[in-house]
Every structure is written in structure tokens, then in C-alpha cells.
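Here the structure is laid out as C-alpha cells; the discussion comes afterwards.
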Amino acid sequence: MASASISLILIISQFILQIIKIDAKVSSIIVFGDSSVDSGNNNFIPTVAKSNFRPYGRDFDGGKATGRFSNGRVPTDFISEAFGLKKNIPAYLDPSYTIQDFATGVCFASAGTGYDNITSKVLSVIPLWKELEYYKEYQSRLGEYLGNQKASEILSEALYIISIGTNDFLENYYVLPHRQLQFSIEEYQNFLAGIARNFITQIYELKARKISLTGLPPMGCLPLERTTNLAFGGNCIDRYNRVAINFNQKLQALVESLNKELSGLQLVLSSPYTILYDIIQNPHSYGFEYSATACCGTGRFEMGYLCDRHNPFTCSDADRYVFWDSFHPTEKTNGILANYAVKTTLAVFQ
């Protein structure tokens, strides 16, 4: 039934791989998060979590590897274009862009990071608190460029997108001992939800009023996780998916609570779980052929530097695959996820 209803929405709205321009009162798209939305900030920090080399970006404008963990654009790029803003959101740390470029969209996200500071230390990437510091710096620069009144208007009318959390579980909790010794999985979810609450409150105090909090995907179905489950047929890891569902429920409760507590706040939970799970389980319904393995390399474990131009197994047509590397969706999938969000949870910002 869920599959049928989702497919009906997609057919009626006619937005599969089609950007729908919206006459929206959104001045800018401001992005925080991890590799799901990083547009290249990790290119400019000392970390192994990079993707600024081919075949990454081979289907991006001009075939450029920008540091996005995909063969092309990420969901926030599509969302920006759908709201009538720029086609691609620039990375804040990229020196080739100026404050003029950032006035209608800017990305502070860092691949490999999480809510938990320990997660960001695993691959030496930008922690969430530092993303917030960069935002404060951006606010100051925007005020100098446009004047405080105009800058304030842009910041209060911007759509803030937060996409983060998967790494806290798959790169931290289930891999390293520290948090497992400190928290049960339920307690760790509450810990992360508390960080999310504090972060949203902080950006609210810094003028953010329109905020989309992105939930977790079906992380047990990522090709990398399915590879670890090959002994059991390479199926999705149900335990990880249950954690994602449970955590998303906690985030929904957080959204409802903060909307009551913070005057003037429009906060929504934009969860990719249902739509992405349906794509994975029914790939042919969405124009895909493969969902258990990725395009890059063998499609089972490669990402980052293991996904390089010399790997002879990389597919020739990424549009046939749900996933680009073992952890990240293809541009085609990102477009479907973004447009689904635009027509559902983000419609409130039209």
C-alpha cells in the first residue's frame, strides 16, 4: 500500500527527474550536514574524506569533480533550483566563491561528520559546532556586503536544511567502543536528539525561522552495509533500519516540541526513509535496474579514494543505479528524493 501511494504521488506530480520551479518566499538555501549535502567543503581541509576526483562528478555540469559524493548533484542543489534559486549551492570554504555567491545559497556541510563530536574526529572533518561558527562568520560577512537590514531579511526568509546523523551510527556507534560503553542504542539516540535540539535552538536565535530537519535513510540497505551481511544473502540489515525508524520518530517528536516552544518557527521533518526504501525495494518502478550494488567499482564497498578513475568495474551508466558508491545515491536518485521533499514536507515554505 505504501509503495502504491508513493508511486501515485510521483505520477500525479510528474516530478521524477523533473525540477519544479516554485514561486516561493525563500530568499536563500543554507545547508548544514554531512556527505549527503556537502558540496565541496572537505576539499579544503586535511581529511581522507574527499571526492574531488573522477569518477565523482562525471555527470556534473562540465564533468567536474566538485567534492560532492555523487556522480553529479546532491539533493540540496535540486531543492535550490526548485525554489527558483541557483542550480548548485556553493561550498563555504571554496575560495573561488565570494559573499555575493553565498547571498542566495551556501553550504557548510562536511562529509563524514555527525551530531556527535566524536564522529567528526574519526575522519578529521568539520564538527557540527564548527559549521555553526562558519555560519556566524557568514552572517557577519553578509551584513558587511548588503547592510545589516537586508542581510537580516535574507537570513530570516532563508530555508535552512540540516542533513546529518547516519555517520553517528555507522561510522561511530556500531564501529567504535566508546559510545557503546557509555550508552545503549536508545540512550544514544536520545543523546543525538538532544544535540539536534540545541543546534536548532541556536540557529533559531541567529535568525533561522524556516528549517527542514532531514531524518535518517534506510541505512541498513546501503550497499556497504549489505556487503557486511553477505553471509545472510546480502539483504538489508533490519537492525539498522529499525534504528533509523526509531530515531526518525524521536526527531518528529522534537519537531513538534520546538514548533510549540519557539515563536515564529516553521520546522519540518523531511525524512527520506520511506521513499528511498521504496526505490530500493522496487527499483524498476523508478527507472532503475540495480539497488543492492552501486555503480562505482564492484558496487559493494568502494567510496572515497577506493572509488577512483582506474577502477575497471565502474559502470558506464549511473542512471541505472540507485547508488553511486557504496554509501551515496546517484544524481538521479538525489533528484527523485529532492523533488519528493519539495512536493511534500517542503511545500509549507511555498
Side-chain angles (χ1 to χ4, degrees), residues 2-3 6 32-38 69 74-75 109 111-116 118-119 122 128 161-176 179-180 183-197 199-200 212-229 232 234-256 267-283 286 291-292 294 303 322-329 333-334 336-338 340-341 344-345:
S3 174
I6 291 173
F32 301 96
D34 56 22
S35 60
S36 60
V37 290
D38 184 359
F69 277 77
V74 293
T113 201
Y115 287 111
D116 189 347
I118 289 181
T119 304
V122 175
L128 189 57
I161 297 177
I162 306 165
S163 182
I164 195 168
T166 303
N167 295 322
D168 290 306
F169 296 96
L170 300 186
E171 185 182 298
N172 182 351
Y173 188 85
Y174 285 117
V175 176
L176 304 176
R179 291 308 192 196
Q180 288 192 50
F183 298 116
S184 68
I185 187 60
E186 183 80 15
E187 291 169 340
Y188 188 59
Q189 291 179 68
N190 291 334
F191 171 70
L192 297 180
I195 296 173
R197 167 181 280 275
F199 183 79
I200 293 168
S212 172
L213 179 62
T214 307
L216 295 184
M219 56 189 186
C221 293
L222 301 179
L224 182 63
E225 304 312 317
R226 294 173 79 142
T227 297
T228 66
N229 202 33
F232 298 96
N235 295 320
C236 297
I237 300 178
D238 290 338
R239 175 175 58 137
Y240 290 173
N241 284 348
R242 287 195 298 271
V243 167
I245 291 171
N246 192 38
F247 186 63
N248 289 344
Q249 291 171 344
K250 292 180 184 297
L251 292 182
Q252 181 59 48
L254 173 63
V255 165
E256 294 170 4
L267 173 64
V268 299
L269 178 68
S270 186
S271 175
Y273 188 98
T274 302
I275 178 68
L276 184 53
Y277 186 79
D278 194 56
I279 293 170
I280 292 168
Q281 296 301 317
N282 304 287
Y286 297 86
S291 62
M303 67 175 170
V322 174
F323 292 97
W324 164 247
D325 65 17
S326 64
F327 212 80
H328 305 97
T333 306
N334 285 335
I336 294 173
L337 297 177
Y340 181 74
T344 55
T345 53

Can you list everything that forms a side chain to side chain donor-acceptor pair (under 3.5 Å) with [X]? Sequence neighbours excluded, please.
| X | answer |
| --- | --- |
| Asn246 | Glu186, Gln189 |
| Asp116 | Asn172, Arg179, Tyr188 |
| Arg197 | Ser257, Glu261 |

Quick check for you: to the nearest 0.5 Å, what is the distance between [X] atom [atom1] and [Y] atom [atom2]?
| X | Y | atom1 | atom2 | result |
| --- | --- | --- | --- | --- |
| Ser326 | Arg226 | OG | CZ | 12.5 Å |
| Leu251 | Ile162 | CG | CD1 | 10.0 Å |
| Leu224 | Phe327 | CG | CZ | 7.0 Å |

Got [X] and [Y] here, is their nearest side-chain heavy-atom distance under 4.5 Å?
| X | Y | value |
| --- | --- | --- |
| Tyr340 | Thr345 | no |
| Leu267 | Ile200 | yes |
| Thr214 | Ile164 | no |
| Thr166 | Pro217 | yes |

Will you find, in the side chains of Asp278 and Tyr286, an N or O donor that is under 3.5 Å from an N or O acceptor? yes
Can you see whether Ser35 engages His328 through a side-chain donor-acceptor pair at a distance of less than 3.5 angstrom? yes
Assess the pair Phe32 and Phe199: is the distance between their ring centroids shorter than 6.0 Å? yes
Determine the interplanar angle of the Tyr240 and Tyr174 rings, folded into 0 to 90°, and report it as parallel if under 30°, tilted if 30 to 60°, perpendicular if over 60°. tilted
Tell me, with the steps shown, if Phe183 and Tyr173 meet ring pair (Phe, Tyr, Trp, His ring centres under 6.0 Å). CA-CA 9 Å; Phe183 298 116; Tyr173 188 85; 8.0 Å; no
Is a donor on one side and an acceptor on the other found under 3.5 Å between the side chain of Asn167 and the backbone of Thr113? yes
